[in-house]
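Working notes, beginning with the structure itself.
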Protein chains: 2
Amino acid sequence: MKLDNRKAKILEFIIDMYIKSGEPVSSKTISELFQNTISSATIRNEMARLYELGFLEQPHTSAGRVPSQLGYRLYVDQIMKKKSLSEEQTRQIESWFNIRDLDYSSLIKNSGKILSEITSCMTILSSMAFKSLIITKIEIIEVSNMALAVILVTSSGIIKSKVCKVDFDINFETLDYIYRFVNNTFAGKSVEKISKNYINSITTGLDNYQSFFSPIFYNIYEMCESLQTSDFYIDGQINLLLYKELKDVASDIIKIFSNKNTVIDIINDKFINLSDNCGAAVIKFGRELKRAELIDICLIISKYNISNIGTGNILIVGPGRLNYSVLVPWIEYFSKMLSVVLSESLEIK
Amino acid sequence: MKLDNRKAKILEFIIDMYIKSGEPVSSKTISELFQNTISSATIRNEMARLYELGFLEQPHTSAGRVPSQLGYRLYVDQIMKKKSLSEEQTRQIESWFNIRDLDYSSLIKNSGKILSEITSCMTILSSMAFKSLIITKIEIIEVSNMALAVILVTSSGIIKSKVCKVDFDINFETLDYIYRFVNNTFAGKSVEKISKNYINSITTGLDNYQSFFSPIFYNIYEMCESLQTSDFYIDGQINLLLYKELKDVASDIIKIFSNKNTVIDIINDKFINLSDNCGAAVIKFGRELKRAELIDICLIISKYNISNIGTGNILIVGPGRLNYSVLVPWIEYFSKMLSVVLSESLEIK
DNA sequence: ATTAGCACTCAAGTTAGTAGAGTGCTAATT
DNA sequence: AATTAGCACTCTACTAACTTGAGTGCTAAT
């Protein structure tokens, strides 16, 4: 599907114009962009060809042309030149990450907010799902006379803690006994192995001590579970209302992306084929997402990660006409920075 | 401002109808609700009186009547009868709280989602800002050879932990030394006292040990800070688009409530005068909120809390025409349940 | 105090007409 | 063979005039 230079140029102009205005682009406008070196009649002929090839659409007979999703696809894959970020812009992104007071989930939540402002799109950020973590040790400390804090320390330095009510006397001996038993049982194990079944199987072997240990074991299970599941933060929903072409479908789109499981389905679709290396944004258009309600949108997906500890997703949802040449570099740089900042604050080893 | 029975009844009918339909209510409709025992002409006379008194408004000369905010005020304060929840309904709310696997912030986040579904409004839930917490002790554990976990245990059993990178050799002696020093310094103090200034003042006195302790101190400060600040979770923004009377202002409203500081301002307005006892919803209408952009909305505020550990806010944002008699009991029961569940999972002593 | 009756008002829908932006095609030009 | 001027044609968007009907306000009778 190779276009001659002029056709490609015309397609590029049409897409650029349409991204800016949201209005169908006329042959006259394009002719002017060529400084009238090519007449509008010629442009019309070329546009007719591009229409036959499927790269353009026409809202009605006497209207200008609009890019088709195939047109966008060609544009982002072959025609568009990514604008590199100015120093000023990279500095701006970096300055957002200078607020170090944030804990992990606030950082993700805030990143979503900032990205939705930059892109004027809806954003969905998922927190990292950590993989192949090994439990290094479990600390048990006394919180009050009825409660223990259980602290799970993993191979990558990720820790997780939870308070656990107990109904026995806490003293040095019991604490020490619990500490030994819990560490003998769990230390060295992978968090993935700590399933509900596993917890049940070891609890039933305990006989008398069952009620004694079972709340602690259950808390450990919950912590392992939560390390492996990711939260989703959605923001910038109203941005979708900015685009007239989405005004009727915006609320359906928002509903779809508000459902965690649907989002997971979309991300995991084989077709999307996300590369694991963070920062390389993948662009998908409505049809490619195989859902009638998403036909009008564009989805930009990027990842952030820390080497082999885990990855999280960045989703940008907007109309087809996005300023890709500017947005993609922004998003890619943003994901890279997020990875760096998280590496610094989470990865210990 | 006492209305005679019939006027009150007419106002009630008008508000009920308008809540259901969103359309101006005509004298004929009201007459029918009285089974035509009162003619539409009489109703018109009464409506003219109610209009003079400020309880009704008229979109245009030949249209029916619409409640004014003063009308709503009278309705919710004096006329409306709260519908008590059926057993089925209380069971339903309770069943949502049965999912105990959730940690604190997920519980708040999910509560917002559920409430936005029940109410068809936008919801904002704030996490609890804990007050008057005393630091009981601070545990320090080794996470890797370059990192320590610092665990803050407070008087109410609330704990908070953070990983802290250090650049010295961790061994039993250093750990023990740090433990003693940190606990001598912080144990028994109120978290409110641990300000940036306070940290600076004690750090500067340390001379040689300054670089040694300062990352640990800084992490302690951050944890104290975050215990006292609350996060805000907003959900159900699209619900505002369901109401035709809000369609032009919905995105402004969403923007206003997306700003944490503005929300805090609104909640703290003396006029709102929230009672601390959880579960008693306060209803405020547009004018009463003193912001031009909020003129068309209604805000229902409720609190959840745990005796004297802290309180969090539940905000429901919708149009003036909400089904108050049903919604208010729901919201109040929901806040009560949230308080109970949180008490169970957080309050230890 | 209530109500029947009627003139009046206004929003919303319908129809018809107009302007203009843009196309598609043909024939002339390069 | 590619380009272009020229023109008829199409379709949207806008405006103006008209119609309909829901609903009111007021008056006079009950």
Side-chain angles (χ1 to χ4, degrees), chain A residues 2-11 13-18 20-68 71 244-245 247-248, chain B residues 2-11 13-18 20-68 71 244-245 247-248:
Chain A
K2 201 68 189 254
L3 294 183
D4 61 68
N5 265 347
R6 195 170 66 180
K7 283 197 187 60
K9 198 79 195 161
I10 291 171
L11 184 58
F13 276 158
I14 291 176
I15 294 181
D16 283 343
M17 286 303 295
Y18 186 68
K20 280 200 196 93
S21 70
E23 301 291 335
V25 182
S26 76
S27 54
K28 201 172 142 237
T29 312
I30 299 298
S31 171
E32 277 158 15
L33 283 173
F34 280 101
Q35 269 111 27
N36 294 309
T37 53
I38 306 172
S39 80
S40 65
T42 311
I43 302 289
R44 277 200 291 284
N45 289 332
E46 292 285 50
M47 294 203 305
R49 275 297 293 148
L50 286 167
Y51 171 76
E52 282 159 27
L53 292 167
F55 296 121
L56 294 179
E57 276 166 9
Q58 198 171 20
H60 58 84
T61 334
S62 65
R65 294 310 205 294
V66 166
S68 70
K244 43 185 172 304
E245 65 268 42
K247 88 173 194 305
D248 294 330
Chain B
K2 202 69 191 254
L3 293 184
D4 61 69
N5 264 347
R6 194 171 66 182
K7 283 196 188 62
K9 197 79 197 161
I10 291 172
L11 184 57
F13 276 159
I14 291 176
I15 294 182
D16 284 342
M17 286 301 296
Y18 186 68
K20 281 200 196 91
S21 69
E23 298 292 334
V25 183
S26 76
S27 54
K28 200 172 141 238
T29 313
I30 300 299
S31 171
E32 276 159 16
L33 283 173
F34 280 101
Q35 268 112 29
N36 293 310
T37 53
I38 307 173
S39 80
S40 65
T42 310
I43 302 289
R44 276 201 292 284
N45 289 331
E46 292 285 50
M47 293 203 307
R49 276 298 292 149
L50 285 166
Y51 172 76
E52 283 159 26
L53 292 167
F55 297 121
L56 293 179
E57 276 167 8
Q58 198 170 20
H60 59 85
T61 332
S62 65
R65 294 308 207 294
V66 168
S68 70
K244 41 186 173 309
E245 65 269 42
K247 88 174 194 305
D248 294 330

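Chain letters run A, B, ... following the sequence lines, proteins first, then strands; residues in each count from 1. Everything numeric in this text was worked out from a predicted model, so none of it was measured.
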request  = Tell me which nucleotide among C:dT23, D:dC26, D:dC11 gets nearest to the side chain of A:R44.
outcome  = C:dT23
Between D:dT4 (C1') and A:F34 (CZ): distance, integer Å = 16 Å
query = Do NZ/NE/NH1/NH2 and the carboxylate oxygens of A:E46 and A:R49 come within less than 4.0 Å?
reply = no
task = Pick base, sugar-phosphate or nothing for A:S27, based on heavy-atom distances below 4.0 Å to the nucleic acid.
result = sugar-phosphate
query = Contact class for B:S31 vs. all strands (heavy atom < 4.0 Å): base, sugar-phosphate, or nothing?
reply = nothing
inquiry  = Using whole Å, what does the distance between atom P of nucleotide C:dT3 and atom CG of B:N36 come to?
reply    = 10 Å
note = Smallest heavy-atom separation, A:F34 atom then A:K9 atom, equals CZ-CG, 3.7 Å
Given D:dT24, D:dC11, C:dC10, the nucleotide with the shortest approach to the side chain of B:S26 = D:dT24
query = If you check every side-chain atom of A:R6, which of D:dT4, C:dT23, D:dT3 has the closest atom?
reply = D:dT3
ask   = Separation of A:M47 atom CE from C:dG24 atom C1', in whole Å?
value = 11 Å
remark   = Minimal heavy-atom distance between A:P59 and A:G64, with the atoms involved, is CD-O, 3.4 Å
request  = Please tell me which of B:S62 and B:T42 maps to the more 5' nucleotide of DNA chain C, matching each residue to the nucleotide holding its nearest heavy atom.
outcome  = B:T42
inquiry  = Could you check whether atom CG of B:D4 has more than 12 heavy atoms from other residues, nucleotides or ligands sitting under 6.0 Å from it?
reply    = yes
task = Could you tell me the separation between the CD atom of B:E23 and the P atom of D:dT24, rounded to a whole number of Å?
result = 14 Å
Pair assignment for C:dG5, Watson-Crick or G-U wobble, requiring both distances under 3.5 Å = D:dC26
remark   = Atom CD1 of B:I43 and atom P of D:dG23 are separated, to the nearest Å, by 14 Å
key: Rounded distance (Å) that lies between atom P of D:dT3 and atom CD1 of A:I30   = 16 Å
request  = Round to a whole Å and report the spacing from CD1 of A:I38 to P of D:dA5.
outcome  = 13 Å
task = With A:R44 as reference, evaluate A:S31, A:S27, A:S39 under the side chain to side chain donor-acceptor pair (under 3.5 Å) test and give the passing residue.
result = A:S27
request  = Quick one: label B:T37 by what it contacts on the DNA or RNA (base, sugar-phosphate, nothing), any heavy atom closer than 4.0 Å.
outcome  = sugar-phosphate
message = Under 4.0 Å from OP1 or OP2 of D:dC11: is there any side-chain N or O of A:Q58 that close?
response = no
key: d(CZ, B:R49; P, D:dG25) in whole Å   = 14 Å
